[in-house]
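Input: a single structure, listed below in structure tokens.
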There are 2 protein chains.
Amino acid sequence: MARQGLSKDSVVRAAVCLIEEKGFQQFSMGKLAARLHVKTASLYNHIESLEKLLECIGGEAVRRLVWLENQAIAGKRGEEALFALAEAYRAFAREHCELYRVIMAFPKWNNPALEQEAGEIVTPILKVLSGYGLTEMQQFHWQRVLRAVMGGFAFHEQSGGFAHFPADRDESFRIAVRCVADGLQRAGGGDGEDGKGNFI
Amino acid sequence: MARQGLSKDSVVRAAVCLIEEKGFQQFSMGKLAARLHVKTASLYNHIESLEKLLECIGGEAVRRLVWLENQAIAGKRGEEALFALAEAYRAFAREHCELYRVIMAFPKWNNPALEQEAGEIVTPILKVLSGYGLTEMQQFHWQRVLRAVMGGFAFHEQSGGFAHFPADRDESFRIAVRCVADGLQRAGGGDGEDGKGNFI
DNA sequence: GCCCCTAACTAATACTATTAGTTTTATTGT
DNA sequence: ACAATAAAACTAATAGTATTAGTTAGGGGC
């Protein structure tokens with residue numbers, strides 16, 4: 001019936017739009033099919049299952065996030081890069097909160113396709129950390145510390161867990177990133193503070 | 001038939017058990033009803049909806065977490081209390097991961113009943129922070145920093161996002177908490193016990 | 001022993017994802 | 001231009017989800 005040349009890619013793209021518009025909670029195969037003027041079963045010609053579709057959506061979300069992170073740290077280093085990265089992460093979580101939810105919703109990042117994306121998540125972070133004179137093992141640890149802070153802050157902020165105190169959340173975030181920045185400084189030997197002339 | 005005197009409390013308790021055993025993903029009204037040897041519709045004599053039930057379960061989970069936190073910091077102060085609190089939080093997230101998932105699953109922490117619990121979450125944290133000589137506003141900020149670190153770490157660890165590097169996660173966690181501890185020290189005026197509220 | 005409240009039931013509705021099998025359409029080869 | 005083929009979209013059906021309305025029956029208070 002009036003076939004419109006739907007493809008896996010167009011389905012994923014439509015799903016991303018629908019989620020950003022109506023929210024992740026509201027999303028369903030039926031709603032997506034209706035949006036594409038197609039019966040629900042027809043979607044299965046292009047995707048294997050809802051789970052796989054969500055993995056594609058999550059992959060797309062991660063790619064966008066990583067792109068913004070790389071954009072943010074381009075030409076920067078040291079603390080400037082660190083703050084820019086963190087701000088970009090938080091901005092994404094706020095401005096694309098429904099898409100960010102999809103990322104968070106995965107119970108396990110076991111899927112091989114997602115591990116690829118997972119690796120790209122770490123790339124800009126390691127790029128920032130590379131300016132601090134850390135050992136490789138320290139980089140592994142501090143990468144986790146930074147992701148914990150950024151992810152934890154975004155999560156709590158989104159779920160409303162940070163709403164119960166009359167304190168500016170932007171300021172809280174700055175303090176958190178400052179805390180990591182100082183910790184990194186100390187871990188790196190304390191000799192690389194000016195953020196521009198230092199290299200390892 | 002053969003009515004067994006089910007109550008809201010026993011339903012919630014059974015739901016908690018079922019979730020801890022079979023996982024949050026597997027949970028459903030039907031499964032819970034089967035576990036209680038009752039038809040699904042019968043549950044609605046005791047609870048209003050799945051959403052309300054999950055709120056009760058989340059409340060129970062939070063109460064248990066807060067209890068463990070308070071247990072952990074009892075008789076301690078300063079850094080010792082801080083590390084004990086963080087360890088207790090992470091231990092709960094690991095040992096009761098399915099229950100922890102319920103807490104994380106709330107899209108919005110708006111419900112008035114949950115706000116009560118939310119307040120109790122902060123209590124042990126503020127108790128720990130009270131030894132650092134912070135202003136009230138600083139306590140509000142650092143409470144968020146600490147929750148972000150603990151929550152973010154637990155989340156990433158659970159979703160497998162921290163699995164991709166050959167680095168000990170315990171050590172990563174220690175580094176993260178150490179980072180916060182040092183940040184607090186600095187914010188409180190360099191004295192972990194009786195700081196006089198020096199500003200940064 | 002009777003009454004009443006309500007726990008538990010049956011039945012039905014409206015969703016959800018998913019599969020099997022069928023029709024229709026576009027493209028490709030001759 | 002025409003037949004063959006691959007696949008896009010369909011219909012129909014299944015099994016799962018939460019939820020509501022209306023009915024039956026059991027236990028506690030009188």
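Numbered from 1 within each chain, the chains take letters A, B, ... in sequence-line order.
- In this structure, Phe155(B) and Phe155(A) have parallel ring planes: the angle between them is below the 30° cut-off, well short of the 60° mark.
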For nucleotides 12-15 of chain D, print each protein N/O atom paired with a nucleotide N/O atom at under 3.5 Å, atom names and distance only.
none

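- With rounding to the nearest 0.5 angstrom, the CG atom of Asp182(B) is 7.0 Å from the CD atom of Gln185(B).
- A salt bridge links Arg64(A) with Glu20(A): at least one charged nitrogen is closer than 4.0 Å to a carboxylate oxygen.
- Rounded to an integer number of Å, the gap from Leu50(A) CG to dA17(C) P is 6 Å.
- The shortest side-chain heavy-atom distance between Gln71(B) and Trp67(B) falls under the 4.5 Å cut-off.
- Residue Glu48(A) contributes atom CD, which lies 14 Å from atom C1' of dT19(C) at whole-angstrom precision.
- Salt-bridge check for Lys31(B) with Glu21(B): failed, with every basic side-chain N at 4.0 Å or more from each acidic carboxylate O.
- Taking 4.0 angstrom as the limit, His46(A) places none of its side-chain polar atoms (N or O) nearer than this to OP1 or OP2 of dA7(D).
- Where Leu6(B) and Glu51(A) each meet DNA chain C at their nearest nucleotide, the meeting point lying more 5' is that of Leu6(B).
- Here the P atom of nucleotide dT19(D) and the OH atom of Tyr44(B) are 3 Å apart, to the nearest Å.
- The CG atom of Leu54(A) sits 14 Å away from the P atom of dT16(C) (whole-angstrom rounding).
- Contact annotation for Ser49(A): backbone-only contact, meaning every heavy-atom pair under 4.0 Å involves sugar-phosphate atoms and none involves a base.
- Across the protein-nucleic acid pair, Lys39(A) atom NZ and dG21(C) atom P stand 22 Å apart, rounded to whole Å.
- Atom CG in Leu43(A) sits about 13 Å away from atom P in dT19(C), given to the nearest Å.
- Between the C1' atom of dA14(C) and the CE atom of Met29(B) lies a distance of 16 Å, rounded to the nearest Å.
- Around CD of Glu48(A), the count of heavy atoms belonging to other residues, nucleotides or ligands within 6.0 Å does not exceed 12.
- The distance between atom CG of Asn45(A) and atom P of dT19(C), rounded to the nearest whole Å, is 12 Å.
- Set against dA8(C), dA18(D), dT19(D), the side chain of Ser28(B) has dA18(D) as its closest nucleotide.
- Below 30°, between 30° and 60°, or above 60°: for Phe153(A) and Phe162(A) the angle between ring planes is above 60°, a perpendicular geometry.
- Relative to the side chain of Lys31(A), the nucleotides dA7(C), dT18(C), dT16(C) differ in distance, and dT16(C) lies closest.
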